[in-house]
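Below is one structure, written out as structure tokens; comments come after it.
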Amino acid sequence: MPRPKTFQHFRDVQEELGRSGAAIFRDANGVESLVIDSPYSIHYIHSYAEDSPFFLALAEGKLLGSRCTNPSCGFVYATPRGHCMVCGRPTEWKELPRKGRVHSWTTCQFGSEAFLKETPYNLAMIEFEGAGSLLLVRLKDCVQSDLYVGMPVEARFASDPKYSITDVWFVPSK
Amino acid sequence: MVSGGVTKFAKAHPAMDFRLMVKKAYDQAMAEVPNLTKDRITGTRVSYFSDHFSRQLKAASMVQDYLGLNPKGSVRIEWGGATGGECFQAAYEAVASGRMDVCLAAGYETMSRVATWKGNEFIALASDTNFDFPLGGFYTGYYALMVVRHMYEYLRLTKFAHVKDEREAQRLAIAEGQRIMSWVSVKNHINATHNPYAQYPKRLTVQDVLDSEMISYPLTREQICTMSDGAATAILCTESVAKELTDRPIRITGVGTGTDTMRLADRPFGSVPLYPHEKPKDYEHLPYPGVHSFRAGRSAGLEACRMAGITNPLRELDFIELHDAYASSEIQTYEDLGLCKYGEGYDFTLSGAPFLKNIDYGLDVPRAGQMPVNPSGGLIACGHPVGATGLMQAVFAFWQLQGRIKQHFGDPTLQLRNPRRGAIHSHAGTGSAVTVSILERGF
Ligand SMILES: [Zn+2]
């Protein structure tokens with residue numbers, strides 16, 4: 001049996017794993033380590049549970065927040081949650097306006113591995129009239145130099161929903 | 001605390017698995033206290049952040065057995081980026097409660113076991129996977145969102161309030177913020193040139209930092225820490241045992257923790273919990289914490305200071321090792337920890353207060369030495385093997401207070417003159433949890 005190929009740069013080891021599945025790394029002290037490719041993938045059976053109506057509504061082109069049912073509290077959450085953080089009472093669903101303003105933003109030139117092919121992309125936190133918290137979304141149809149805090153934006157919805165938060169995104173308001 | 005050990009942090013340590021890394025940091029700590037034999041260690045607390053990186057569940061059990069510490073008690077500690085800081089406090093609690101006479105805190109991370117962008121994915125799985133992760137799975141993006149708002153609140157609405165055109169004012173504020181964040185990066189990288197344990201020591205200029213690759217606007221590569229492999233240990237014990245083991249024990253006089261919502265979007269717009277030297281009027285119209293400040297950091301700082309009897313951290317601490325995973329969060333943390341008021345973090349940086357007096361940074365730093373922050377080089381320059389990071393800070397602070405920086409670094413430059421009291425600060429994802437611990441010279 002031939003020994004795996006030996007490399008002195010760890011980057012070369014990583015590349016070799018893609019070809020043969022095994023490599024030897026020799027460090028500056030001459031110590032050799034056997035490195036192997038070890039793939040891992042999994043399909044989770046993920047339930048949105050109490051958040052489910054939010055994702056079902058996105059597929060119908062509706063943005064749902066939630067409102068505390070306690071009359072003396074009534075806090076409105078732009079990112080919905082089943083129970084109120086302030087008073088602990090249950091919340092009820094409440095449709096949010098389709099228009100909002102940028103509370104903060106960034107343009108990402110990188111992302112984690114699954115999203116690298118989508119770079120660059122904009123992230124924005126949106127504030128809505130009548131809501132006490134924010135919603136994090138992608139901001140499309142605009143580039144870094146267009147973006148600013150306070151920018152008016154409006155929601156767009158996917159015509160082929162994937163039942164993900166990415167079924168909604170925002171664009172600059174006309 | 002009577003001893004500590006730390007491996008040199010590196011992009012990858014392929015010749016050592018996590019057990020061997022911890023063993024090296026453990027042996028280093030044990031060598032410093034020859035009177036401490038293994039049988040006197042009551043138990044351990046072991047920390048690592050992500051099972052994904054190890055691909056070995058219950059890896060802490062393998063650390064315990066590799067060190068030969070069975071059947072002593074142990075438990076694994078995990079709390080995101082603050083994992084190391086929590087491990088330190090868990091060991092403190094084990095001793096302070098009377099349960100243990102001697103407790104070993106040991107932490108590690110082996111992040112090189114996956115490619116860098118996969119590593120970013122694992123870290124981002126510590127954000128809400130229904131609402132946040134699917135948008136990019138990228139922590140640098142989250143911190144960029146926070147600092148853009150921070151610059152809006154504290155530069156746009158102040159220094160650039162006179163600029164009429166809104167978009168121009170915001171551009172100017174961000175450009176100024178980027179320049180000041182770069183000062184932090186320059187400071188920490190240059191400090192690290194005197195620390196042989198650091199992963200990325202280098203002499204940079206503000207322009208080098210600004211010119212480095214844009215990762216998530218406005219954060220550039222040199223303003224962000226990287227993935228690391230490494231381990232660190234700390235040995236904590238009761239006061240009476242400490243006196244037998246070392247003539248330079250360090251006392252832990254304050255511990256504090258705080259939390260905030262996992263999602264940035266849920267952070268409230270309320271009022272600021274105050275240090276004794278602050279007044280409600282200071283923050284009359286400030287929506288707090290919003291996404292621009294770390295309420296968990298303020299909570300942790302207040303609790304730790306109260307316990308240690310500190311009323312004004314700027315006056316009563318001699319240095320801080322804080323969690324600068326991003327240059328932005330170092331500036332935000334100055335404010336959380338009460339070194340300056342909210343809104344003064346940028347000016348505090350430019351005053352030079354967090355810089356060391358005896359180092360030439362190529363910058364004008366009139367107040368250098370007032371409150372050295374990250375004299376070791378911090379996460380940006382030392383590396384951030386998550387489960388080890390908070391313990392690394394403890395070890396550097398410990399050596400600093402013992403007056404033994406020269407002995408361990410082979411270079412006296414980073415040794416502060418006669419420091420009596422320092423703080424360490426460990427921070428988890430977007431500020432969802434923070435720990436602050438205060439260490440004092442006990443001799
Ligand atoms: Zn309520």
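Here is how names work: the chains are called A, B, and so on, in the same order as the sequence lines, proteins then strands, and each is numbered from 1.
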**Report entry** Any donor-acceptor pair under 3.5 Å from Gln170(B) side chain to Val149(A) backbone
**Finding:** yes

So, the part of Thr79(A) with a heavy atom under 4.5 Å from chain B: the answer is both

Phe10(A) and Ser112(B) have their tightest heavy-atom pair at CE2-O, 4.0 Å

With side chain to side chain contact (heavy atoms under 4.5 Å, CB included) as the criterion, how do Thr107(A) and Met214(B) come out once you've worked through the C-alpha distance, each side chain's angles and the decisive distance to 0.1 Å? CA-CA 10 Å; Thr107(A) 302; Met214(B) 183 58 67; over 6 Å; no

In this structure, OG of Ser104(A) is separated from OH of Tyr142(B) (nearest 0.5 Å) by 14.0 Å

Next on the checklist: Set out, in order, the CA-CA distance, both residues' side-chain angles and the distance that settles side chain to side chain contact (heavy atoms under 4.5 Å, CB included) for Asn120(B) and Glu113(A), then state yes or no.
Outcome noted: CA-CA 7 Å; Asn120(B) 271 275; Glu113(A) 193 175 82; over 6 Å; no

Requested in this report: List the steps and the verdict of side chain to side chain contact (heavy atoms under 4.5 Å, CB included) for Trp105(A) and Tyr217(B).
Outcome: CA-CA 9 Å; Trp105(A) 62 275; Tyr217(B) 187 84; 3.4 Å; yes

Under 4.5 Å to a heavy atom of chain A? For Phe133(B) that would be both

Report yes or no: does Ser112(A) contribute a side-chain atom to a donor-acceptor pair with the main-chain N or O of Lys118(B) at less than 3.5 Å?
no

Ring centroid separation Phe131(B) to Phe55(A) under 6.0 Å = yes

The reported gap from CG in Leu139(A) to CG in Leu135(B) (rounded to nearest 0.5 angstrom) is 11.5 Å

Whatever's closer than 4.5 Å to a heavy atom in chain B on Gln14(A) counts as side chain

Partner of Thr106(A) under side chain to side chain contact (heavy atoms under 4.5 Å, CB included), picked from Leu145(B), Thr140(B), Leu219(B), is Leu145(B)

So, the part of Phe75(A) with a heavy atom under 4.5 Å from chain B: the answer is neither

Of the listed Ser145(A), Ala124(A), Gly150(A), the one with the largest count of heavy-atom pairs under 4.5 Å with chain B is Ser145(A)

Applying a strict 4.5 Å limit to non-hydrogen atoms, the region of Leu136(A) in contact with chain B is both

Bottom line for Thr119(A): the part with an atom under 4.5 Å from chain B's heavy atoms is neither

Distance col, row Phe110(A):CZ vs Ser216(B):OG, nearest 0.5 angstrom, shows 10.5 Å

Interface check, chain B: of Pro80(A), Ala78(A), Gly132(A), Ser164(A), most non-hydrogen pairs under 4.5 Å belong to Pro80(A)

Okay, Leu264(B) and chain A: the region with an atom under 4.5 Å from a heavy atom over there is both

Under 4.5 Å to a heavy atom of chain A? For Ala144(B) that would be both

State, without any angle test, whether His13(B) and Asp27(A) hold a side-chain donor-acceptor pair at a distance under 3.5 Å. no

Looking only at Met85(A), Met125(A), Glu32(A), the option with the highest number of non-hydrogen pairs under 4.5 Å against chain B is Met125(A)

Hey, is the main chain of Ala114(A) close enough, under 3.5 Å, to the side chain of Glu121(B) for a donor-acceptor pair? yes

Assert top hit (heavy-atom pairs under 4.5 Å, partner chain A, pool Asn130(B), Thr261(B), Asp128(B)) equals Asn130(B)

When the 4.5 angstrom heavy-atom criterion is applied to Arg263(B) and chain A, the contacting part is side chain

If one checks every heavy atom of Val13(A) against chain B at 4.5 Å, the contacting part turns out to be neither

What one should report as the nearest heavy-atom pair of Tyr121(A) and Gly136(B) is OH-CA, 3.4 Å

Mark yes or no for whether Ser133(A), through its side chain, and Asp266(B), through its backbone, hold a donor-acceptor pair below 3.5 Å. no

Quiz prompt | Side-chain (Arg167(B)) to main-chain (Asp146(A)) donor-acceptor, under 3.5 angstrom | solution = yes

Among Thr166(A), Ile126(A), Leu116(A), Val31(A), the residue with the most heavy-atom pairs under 4.5 Å to chain B is Leu116(A)

The interface call for Arg113(B) against chain A, heavy-atom contacts under 4.5 Å, is neither

Taken to the nearest 0.5 Å, the spacing of His292(B) NE2 from His103(A) NE2 works out to 6.5 Å

Q | Close aromatic pair by centroid cut-off 6.0 Å: Trp117(B) and Phe115(A) | A | no

>> Whether the side chain of Arg55(B) engages the backbone of Ser38(A) through a donor-acceptor N/O pair (distance < 3.5 Å, no angle test) should be reported.
In response: yes

